[in-house]
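Lettering of chains follows the sequences in order, A, B, ..., and the numbering in each one begins at 1. These numbers come from a predicted model, not from an experiment.
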Amino acid sequence: MEFLLDSILSALVLLWSFDPDLYFVIYVSLKVSFFSTLLSSLLGVPIGFIVAFNEFRGKRAVITILNSLLALPTVVVGLVVYAFISRRGILGILDLLYTQTAMVIGQVILILPLVAALTIAAVGSIDEKYRKTAMTLGATTLETARVIFREARFAIVAAVIAAFGRVIAEVGVSMMLGGNAKGFTRTMTTAMALEYDKGEFVLGVALGIVLLAISFSINVLFNVAQGRTRS
Amino acid sequence: MRNIMKTTIVSVSLILFLGGVSFGQGKILKMSTTTSTENSGLLNVLLPEFKKDTGIDIKVFAKGTGAAIRDGVDGNVDVIFVHDTAREEKFVADGYGTKRYAVMHNDFVIVGPKNDPAGAKGTKDALGAMAKIAQAKAGFVSRGDDSGTHSIEQALWKKAGVPLEKKTMEIVKGGTKATLSFDHPKGLGEWYYSIGQGMGKTLVFAEEKQAYTLTDRGTYLEYKYGRKEGLDLEIITEGDEKLFNPYGVIPVNPQKHPHVKVEWAKAFAEWLVSSKGQGLIADYKIHGHQAFYPDAFPGAK
């Protein structure tokens, strides 16, 4: 119990002291997660929408593959990307390994299936009658797609939030591709892993509490934004 | 009534099943050690021999020295095998360990890229080499994980007269405020990478960035000659007494943690400093190079 209390107090002290290192770690976490969520949404939402909206052969197979990719371990993504971008890899000359760009690449691969699969589920759950009504009213395919997209938009936003949650909390890709360099590629999760390695558990949990607080604030913001559009 | 019987049988068999993991497997000793000990491969020679002599199996948890000592403090393991003499002595003084046995030492080397951009090569003087690297702002990768290697690196920067930034952080421990601090040269994230990872990862990071780093010789030899892909880094500085790295083994004190297997832990410590253990350590070669020097019998071949 004392341990938890210590951790909570430490989290408050850390936040309150405006420790520049802590804020930099938070900044790197948010920046990398933001870009990987943005890129994977720009790719994953259209992919998911196209798959869900159209009927084609092998559609079920595509969905099954996407769904199984949800279980993709971060370490596997890390290893595969690592093999490509390390100095010995075919993209080695780009000098990408242990940079924030490398982390974004790995994280996009990690959550692209998640965004796509959840978008498919979101679009799939829209009642068939919307499509039929739109078509009967003489809407073109594009217009019908717009109607469906409008109906599915909250579920799609939820997909993006889920993806953001997955990347800001993941540690495998960030550690393997970012390398946990302080003041450069250290994120909240790799910092926590490090504190564990050092035996500084209190600080590790304190960082975890900070991470949860940030994730909570972001979700509140999203909620407010959604409430506005709804009314 | 039948239901109670059923529940009892199920729960008893469940307990037996779960407990079975630890039943009937003979003597098992838990040891926390540093990643460098594990990475060097020395344990792969020592532990099977120890088992042959005593029948005791050792489960190894490799981590940074800080975490390994923490395991001892928390009573998670029966024995620790680390290399940070000051902290080991404090561990014993605080009553967490019974006694520190000086086992062996190896040495650190400064490694770096072949083309040596800082011009640090060709001297035995470790401090001079460190100063040159800092002056040239050539890349340097630091363990940054509070490990024994990290402590020595910080001490070397200080002794080399490189201006350091002291970083302190406030946390709460046992209800009162405490501070954590560590030193690093200016230029964090520009030329000085503090990555908070084990020795092997640090070497790979340094190779990737073609930067310098401080490493124990054992891990370096293992990565350089023990892997198909080798390691694209050269030894820049070696042989300075300041790069000396002593290892100690300490059984966890049963007065703090009555459940620890102190007898077996003591047996292991004494076996390590016996002529047999010391001989094995002296004979251990990593790709043709001696990596560890026995301390209990310096004369052991």
Side-chain angles (χ1 to χ4, degrees), chain A residues 1-22 24-25 28 82 85-89 92 95-100 102 175-187 190-207, chain B residues 32 34-35 62-74 76 87 139 141-147 150 165 167-180 182 184 187-198 201-202 204-211 228-230 232:
Chain A
M1 256 342 272
E2 194 192 339
F3 167 69
L4 256 187
L5 191 69
D6 277 358
S7 301
I8 293 168
L9 289 174
S10 295
L12 290 176
V13 171
L14 274 177
L15 280 176
W16 189 247
S17 65
F18 290 98
D19 183 79
D21 279 2
L22 174 71
F24 195 79
V25 164
V28 173
Y82 187 103
I85 65 174
S86 103
R87 270 182 4 114
R88 298 174 204 281
D95 202 14
L96 278 174
L97 191 57
Y98 304 132
T99 60
Q100 295 178 359
M175 188 63 102
M176 294 170 80
L177 302 178
N180 191 27
K182 191 172 159 70
F184 183 44
T185 54
R186 181 162 299 171
T187 65
T190 61
M192 273 180 249
L194 168 62
E195 295 311 331
Y196 163 71
D197 264 350
K198 284 171 26 184
E200 290 294 348
F201 298 167
V202 167
L203 198 53
V205 177
L207 283 166
Chain B
S32 273
T34 62
T35 46
K63 23 184 101 176
T65 297
I69 291 178
R70 173 73 189 241
D71 270 343
V73 170
D74 289 348
N76 294 331
R87 276 154 81 183
V141 184
S142 164
R143 291 279 295 270
D145 60 352
D146 212 10
S147 59
H150 184 211
E165 278 174 8
K167 181 65 220 154
T168 53
M169 232 178 178
E170 280 196 328
I171 60 162
V172 177
K173 247 186 189 168
T176 53
K177 275 194 187 176
T179 53
L180 297 173
F182 82 96
H184 63 79
L188 203 63
E190 291 157 31
W191 66 273
Y192 185 83
Y193 302 97
S194 173
I195 67 167
Q197 299 191 61
K201 299 265 178 55
T202 304
V204 172
F205 197 116
E207 178 192 31
E208 199 61 47
K209 294 280 178 207
Q210 284 294 293
K228 202 175 70 206
E229 60 268 50
D232 197 7

Exercise for the section: For the residue pair Tyr192(B) and Ser142(B), confirm or rule out a side-chain donor-acceptor distance under 3.5 Å. Expected result: yes
Completion exercise
Per-residue tally against chain B (heavy atom, under 4.5 Å) across Leu22(A), Leu97(A), Leu12(A), Leu14(A) peaks at Leu97(A)
Exercise for the section: Considering only heavy atoms and a distance below 4.5 Å, find which of Ser194(B), Gly64(B), Gly66(B) pairs most often with chain A. Expected result: Ser194(B)
Fill in the blank from the handout: Looking only at His150(B), Glu229(B), His184(B), Glu190(B), the option with the highest number of non-hydrogen pairs under 4.5 Å against chain A is Glu229(B)
Problem - Option in Lys201(B), Glu208(B), Glu207(B) with maximal non-hydrogen atom pairs under 4.5 Å from chain A - result: Glu208(B)
Exercise for the section: Identify, with sequence neighbours excluded, every residue that meets salt bridge (charged side-chain N to carboxylate O under 4.0 Å, His left out) alongside Asp95(A). Expected result: none
Exercise for the section: Say whether, by atom type as modelled, one donor and one acceptor occur between the side chain of Gln210(B) and the main chain of Asp232(B) under 3.5 angstrom. Expected result: yes
Problem - Asp74(B) versus chain A, the contacting section by heavy-atom distance below 4.5 Å - result: side chain
Exercise for the section: Please name all residues satisfying ring pair (Phe, Tyr, Trp, His ring centres under 6.0 Å) with Tyr82(A), sequence neighbours left out, ordered by chain then number. Expected result: none
Handout entry: Contact origin within Ser86(A) toward chain B - heavy atom pairs under 4.5 Å
Key = both
Handout entry: Electrostatic pair Asp21(A):Arg186(A) at N-O distance under 4.0 angstrom
Key = no
